[in-house]
Every structure is written in structure tokens, then in C-alpha cells.
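The figures here come from the full heavy-atom set of this structure, side chains too, leaving out hydrogens, waters and symmetry mates.
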Amino acid sequence: MKEIEGKVVVITGANSGIGEATARLLAERGAKVVLGARGSDRLKALADHIAASGGEVAYIQTDVKRREDLSNLVRLAIERYGKLDVLINNAGVAPISLLDELRVEDWEEMIDINLKGVLYGIAAALPIFRRQGFGHFVNVISTAGIQINPTMAVYAGTKNAVRTITEGLRQEAGEKLRVTGISPGFVHTHLADSMTNPEVKSQIVGQMDKLAIPPVAIARAIAFAIEQPADTDVNEIVIRPTAQV
């Protein structure tokens, strides 16, 4: 926990699910969390809760499809706390469907948020990490990119693109920066809310009800990676429910 205390951590997609659980856990362990998400009401409620519990928190409405929003989020961390230790690229959507349905707008949404949003986060934080001489990227990926299933082709494609970028970033990072990819399996989140196909959504929600683990399980894995000493880089964590094949 000492390795987390005092660290400044930016989290995207922070107003629910894995992002919210991670914000709560890291704040409890003494991190200064800087939160970004599209839903401003839930974001404010979370920030108020963390502040009322004695944590240090800042937040700003953030749409990761907009590069400027990521720049503003990172800038808030620097202006408020003077440094940036960790960027958690967590925001994601999953409007999955069969390719035959030609839901091209859904494909574009996944590319814009799941993939380009991560790249915008990297673009915002990497120059700061280089100037500081330290920093840690944590990219939330998915086991959907490890085991490919019908309806998930584009979603898994965006996640595997992030997996590739994460590994490339790790190799380019040098000895002063750290890079971690976290691949969750079924987790109780609001990700199904972004699904536009009612039948697929019903199937996924049913699987979640049977298999899913709570978001805090992923938050603990993220905390584990962050709390390692500066010379130790946890590169990849895959975390599934024990019942998930």
C-alpha cells in the first residue's frame, strides 16, 4: 500500500464498473485520483463519495473520442497535484453483433472509444511521463481478444489492437516507464448497456449473472500492478471467473 499512497492516478471510464471500483480502491489506499467519464452526474457522485471518505479526488467530464478531452483530463492532474504517476485507460463499449448485421456505426463507436481513446490517452500522458522520468500506463483490455467468439469480431479486434499497442509501448518505454495490460473476463459492469442488439444483450447479461465476478476483483489486480517497486513492471494480467471457460 505504501507504493500507492500519494500517487496521482488518472482513470478514464471512471463513473461505473471497473473504473469506479478502481477509483474507490486506490483512493482508500491513499492515491490521489483524477477521474474522467462521459456521465457527469455519476462522476460527481463518485467524487463526492471519495472526498467525504477522506480521499483526494478531482474530476472532469471526459469523452475519450475527443483527444482534447484526454489532454484536459491529464492537464487537470498536473495542475491540481503537480505530477502524474499512472494513467488507467479503462473506458470502453461493447455494442457487439454478428458482422452480417452490418452495424457499421457500432463498429466505429468501438474503434473510436476502445482503440482511439487509448491512443489519445497515451498521446496525452507519454510526453509528461518522459519529462518526469517516471510513469505507468495501465490499459484495460479483455479476454474477448484471447478467445474469439461470434458477435465479438470487431470488439475483440479493438481489444487485440490495444494488446498489440500495449506491448509495443512496453518495448519502447525504456527503463523508467512501466506498462501493464489487464485482461478481464466476465465482470459485473454496465458494459451491456452499450449493446444495441437486444438478443445478444440478453445472452451476455445472462452469462454475466451466472459467471461474473465483481469489478473490485479487477481493481485489486490493477492495484497489484501499481504497488510494485519502480524497477518491477507487471506486463500482463489475465483475470477470469473460475467458472469461465
task = Evaluate side chain to side chain contact (heavy atoms under 4.5 Å, CB included) for Val33 paired with Val8, printing each intermediate quantity in order.
result = CA-CA 6 Å; Val33 294; Val8 178; over 6 Å; no
request  = Starting from the C-alpha separation in whole Å, work towards a yes-or-no answer on side chain to side chain contact (heavy atoms under 4.5 Å, CB included) for Arg67 and Asn72.
outcome  = CA-CA 9 Å; Arg67 182 180 176 185; Asn72 290 339; over 6 Å; no
task = Show your reasoning for whether side chain to side chain contact (heavy atoms under 4.5 Å, CB included) applies to Leu25 and Arg220.
result = CA-CA 8 Å; Leu25 180 65; Arg220 288 193 295 263; 4.0 Å; yes
key: Steps toward side chain to side chain contact (heavy atoms under 4.5 Å, CB included) verdict (Ile148, Met152)   = CA-CA 7 Å; Ile148 313 301; Met152 294 193 180; 5.7 Å; no
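Here Arg24 contributes atom CZ and Ile11 contributes atom CD1; the two are 11.5 Å apart, rounded to the nearest 0.5 Å. With rounding to the nearest 0.5 angstrom, the OG1 atom of Thr143 is 11.0 Å from the CD1 atom of Ile239. Atom CD of Gln147 is separated from atom OG of Ser142 by 10.5 Å, given to the nearest 0.5 angstrom. To the nearest 0.5 Å, atoms NZ (Lys7) and NZ (Lys32) are separated by 13.0 Å. How far CZ of Arg66 is from OG of Ser71: 10.5 Å, rounded to the nearest 0.5 Å. Interatomic distance, Leu87 CG to Ile128 CD1, rounded to the nearest 0.5 Å: 9.5 Å.
The shortest distance between side-chain heavy atoms of Leu119 and Ile165 falls below 4.5 Å. Taking the side chain as every heavy atom from C-beta outward, Val57 and Leu35 approach each other to under 4.5 Å. Residues Thr180 and Asn235 fail the side-chain proximity criterion, which asks for heavy atoms closer than 4.5 Å. Annotation: side chain of Met110 is in contact with side chain of Val93 (closest heavy-atom distance under 4.5 Å).
Among residues two or more places apart in sequence or in another chain, the side chain to side chain donor-acceptor pair (under 3.5 Å) test is passed with Arg130 by none. Partners of Glu101 under the salt bridge (Lys or Arg N to Asp or Glu O under 4.0 Å) rule, at least two apart in sequence or in another chain, are Arg103. Applying the salt bridge (Lys or Arg N to Asp or Glu O under 4.0 Å) test to Lys44 and every residue at least two apart in sequence or in another chain returns Asp48. Gln203 meets the side chain to side chain donor-acceptor pair (under 3.5 Å) test with no other residue; sequence neighbours excluded. Qualifying ring pair (Phe, Tyr, Trp, His ring centres under 6.0 Å) partners for Phe137, counting only residues two or more places apart in sequence or in other chains: Phe129. Scanning for side chain to side chain contact (heavy atoms under 4.5 Å, CB included) contacts around Thr166 gives Asn139, Ile141, Val162, Val179, with sequence neighbours left out. Under the side chain to side chain contact (heavy atoms under 4.5 Å, CB included) criterion, Asn15 pairs with Ala37, Arg42, Leu43, sequence neighbours left out. Every residue was checked against the ring pair (Phe, Tyr, Trp, His ring centres under 6.0 Å) condition with Tyr81, not counting sequence neighbours, and none meets it. For Lys65, the side chain to side chain donor-acceptor pair (under 3.5 Å) partners are Glu109, not counting sequence neighbours. Listed by chain and residue number, Arg170, Gln171 satisfy the side chain to side chain donor-acceptor pair (under 3.5 Å) test with Glu167 (two or more places apart in sequence, or in another chain).
Residues Tyr155 and Ile96 share a closest heavy-atom pair of CB-CG2, 3.7 Å. Nearest heavy atoms, Asp63 versus Leu70: O-CD2, 4.3 Å. Minimum heavy-atom separation, Leu211 to Pro241: O-CB, 3.1 Å. Of all the heavy atoms in Tyr120 and Val64, the pair that sits closest is CD1-O, 3.2 Å. Smallest separation of non-hydrogen atoms from Ile50 and Ala27: CG2-CB, 3.6 Å. In terms of heavy-atom proximity, Leu99 sits nearest to Ala153 at CD1-CB, 4.0 Å.
Applying the salt bridge (charged side-chain N to carboxylate O under 4.0 Å, His left out) test to pairs two or more places apart or on separate chains, those with a residue in residues 236-245 are Arg163-Glu236.
For the 3.5 Å distance criterion, the side chains of Asp106 and Thr196 qualify, holding a donor opposite an acceptor.
For Gln228, the CD atom sits in a packed shell: over 12 heavy atoms of surrounding residues, nucleotides or ligands are nearer than 6.0 Å.
A side chain to side chain contact (heavy atoms under 4.5 Å, CB included) with Ile4 is found for one member of Leu26, Val86, Asp85 and no other, namely Leu26.
Val216 shares a hydrophobic cluster with no other residue; no ILVMFWY side chain has heavy atoms under 4.5 Å from its own.
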